[in-house]
Undergrad: 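Please see the structure below; I have some questions.
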Amino acid sequence: MRHFSHEEWINYINGKLPETTCEELEDHLFSCDQCLEIYMKMIDRQAEELPLIDYSSFTDEIMAELPQKKVRKKTFYQRTLFHYAVAAAITLTLMTTGFFQSITGVVTIVEASSLSKPEQSVSNSLMEKALALFEMIDIKQKEGQ
């Protein structure tokens, strides 16, 4: 098993190696504890070399570098008041033309037609058919005599 040098691990950490070499190093880390230990030491050294961040002004600096969000002004037809006005105009138009009265007239006609036909239960209709059959049999018997 070939072990990798400290310099190779530093180049790997800094992203200076080609992709095939990086894959080879990553595969090696899964199987070699010695190189994993070297890699972890190199990571710690790299972390110590990072510049210190002043947290007190960090957020303000980042927020200052972000692009400012443009506030889009809503057009007249995108405003809520416009939608309410359109709904009120449509309602008033339907009320003055008698649309709602015609709907209530249709509803009363449908209700009246549904109430005029009493629903007959299934057992009653079977009893009526059975009685009709018995009457037919009785009539045929009387004709046969």
Side-chain angles (χ1 to χ4, degrees), residues 1-140:
M1 177 184 299
R2 177 181 171 264
H3 296 287
F4 294 94
S5 67
H6 291 243
E7 190 170 305
E8 287 173 309
W9 287 116
I10 289 173
N11 288 335
Y12 171 74
I13 292 168
N14 292 329
K16 294 180 180 177
L17 296 176
E19 189 171 332
T20 55
T21 309
C22 288
E23 290 175 3
E24 185 180 343
L25 288 165
E26 289 167 0
D27 290 340
H28 184 73
L29 281 177
F30 287 116
S31 60
C32 181
D33 291 336
Q34 181 182 355
C35 287
L36 180 62
E37 187 175 322
I38 293 170
Y39 172 73
M40 296 304 290
K41 284 181 184 176
M42 295 296 120
I43 291 286
D44 289 339
R45 282 188 192 167
Q46 290 289 320
E48 291 171 1
E49 294 175 4
L50 290 175
L52 293 177
I53 298 174
D54 182 19
Y55 292 107
S56 61
S57 63
F58 179 75
T59 304
D60 295 334
E61 291 173 5
I62 295 296
M63 293 305 289
E65 292 183 17
L66 290 176
Q68 297 297 320
K69 183 179 178 183
K70 287 185 174 181
V71 178
R72 282 183 28 190
K73 193 172 186 176
K74 288 184 177 181
T75 58
F76 177 71
Y77 58 90
Q78 291 178 329
R79 294 181 183 231
T80 306
L81 182 62
F82 176 74
H83 296 161
Y84 284 129
V86 168
I90 290 172
T91 303
L92 288 173
T93 303
L94 292 176
M95 286 176 66
T96 55
T97 58
F99 179 75
F100 293 120
Q101 283 81 12
S102 66
I103 288 176
T104 56
V106 170
V107 169
T108 54
I109 291 170
V110 169
E111 285 179 351
S113 66
S114 66
L115 293 176
S116 65
K117 291 182 183 178
E119 286 190 27
Q120 194 172 15
S121 68
V122 175
S123 61
N124 282 343
S125 66
L126 287 175
M127 286 298 293
E128 288 179 9
K129 288 182 181 178
L131 289 175
L133 181 66
F134 288 140
E135 286 178 13
M136 286 176 51
I137 292 172
D138 190 37
I139 291 171
K140 284 186 180 179

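Quick note: residue numbers are just sequence positions, from 1. Everything numeric in this text was worked out from a predicted model, so none of it was measured.
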Undergrad: Return the CE to OH distance between Met42 and Tyr12, rounded to the nearest 0.5 Å.
TA: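 Interatomic distance, Met42 CE to Tyr12 OH, rounded to 0.5 Å: 14.5 Å.
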
Undergrad: Search all heavy atoms of Tyr39 against all heavy atoms of Trp9 and return the closest pair with its distance.
TA: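 Nearest heavy atoms, Tyr39 then Trp9: CD1-CE3, 3.6 Å.
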
Undergrad: Is a donor on one side and an acceptor on the other found under 3.5 Å between the side chain of Thr21 and the backbone of Leu17?
TA: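 No; judged by distance alone, with no hydrogens or angles, the pair does not exist.
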
Undergrad: Do the side chain of Glu8 and the main chain of Ser5 share a donor and acceptor less than 3.5 angstrom apart?
TA: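 Checking the backbone N and O of Ser5 against the side chain of Glu8, a donor-acceptor pair under 3.5 Å is found.
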
Undergrad: Is it true that Arg45 and Glu49 have a side-chain N and a carboxylate O under 4.0 angstrom from each other?
TA: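 Looking at Glu49 together with Arg45, the answer is no, because their closest N to O distance does not fall below 4.0 Å.
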
Undergrad: A quick test of your reading: do over 12 heavy atoms of other residues, nucleotides or ligands sit less than 6.0 Å from CZ of Phe100?
TA: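 Yes, enclosed.
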
Undergrad: Taking atom CD of Gln78 as the centre, report whether more than 12 heavy atoms of other residues, nucleotides or ligands fall under 6.0 Å from it.
TA: yes

Undergrad: Rounded to the nearest 0.5 Å, what's the gap from CE on Met63 to CD on Glu65? Could you check?
TA: 11.5 Å

Undergrad: Could you work out, with ring pair (Phe, Tyr, Trp, His ring centres under 6.0 Å) as the rule, every residue matching His28, not counting sequence neighbours?
TA: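 His28 satisfies ring pair (Phe, Tyr, Trp, His ring centres under 6.0 Å) with His3, Phe4 once adjacent residues are dropped.
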
Undergrad: To the nearest 0.5 Å, tell me how far Met40 CE sits from Leu29 CG.
TA: 9.5 Å

Undergrad: Distance check, rounded to the nearest 0.5 Å: Leu25 atom CG versus Cys32 atom SG?
TA: 11.0 Å

Undergrad: Are Asp60 and Ser57 close enough that a side-chain donor and a side-chain acceptor fall under 3.5 Å?
TA: no

Undergrad: Which residues pass the ring pair (Phe, Tyr, Trp, His ring centres under 6.0 Å) test with Phe58, not counting sequence neighbours?
TA: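 In terms of ring pair (Phe, Tyr, Trp, His ring centres under 6.0 Å), with neighbours along the sequence ignored, Phe58 is linked to no residue.
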
Undergrad: Among residues two or more places apart or on two chains, list those pairs meeting salt bridge (charged side-chain N to carboxylate O under 4.0 Å, His left out) that have a residue in residues 67-79.
TA: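 Qualifying pairs, neighbours excluded: none.
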
Undergrad: For the pair Asp138 (side chain) and Phe134 (backbone), establish whether a donor and an acceptor sit closer than 3.5 Å, ignoring hydrogens and angles.
TA: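 A pair under 3.5 Å: no.
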
Undergrad: Nearest 0.5 angstrom please: Lys16 NZ to Glu7 CD, how far?
TA: 9.5 Å

Undergrad: Do Tyr77 and His83 have side chains that get closer than 4.5 Å, going by heavy atoms?
TA: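 No. Closest side-chain heavy atoms not under 4.5 Å.
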
Undergrad: With rounding to the nearest 0.5 angstrom, report the CD1 to OG1 distance, Ile103 to Thr108.
TA: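 Atom-to-atom, Ile103:CD1 and Thr108:OG1 are 12.0 Å apart.
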
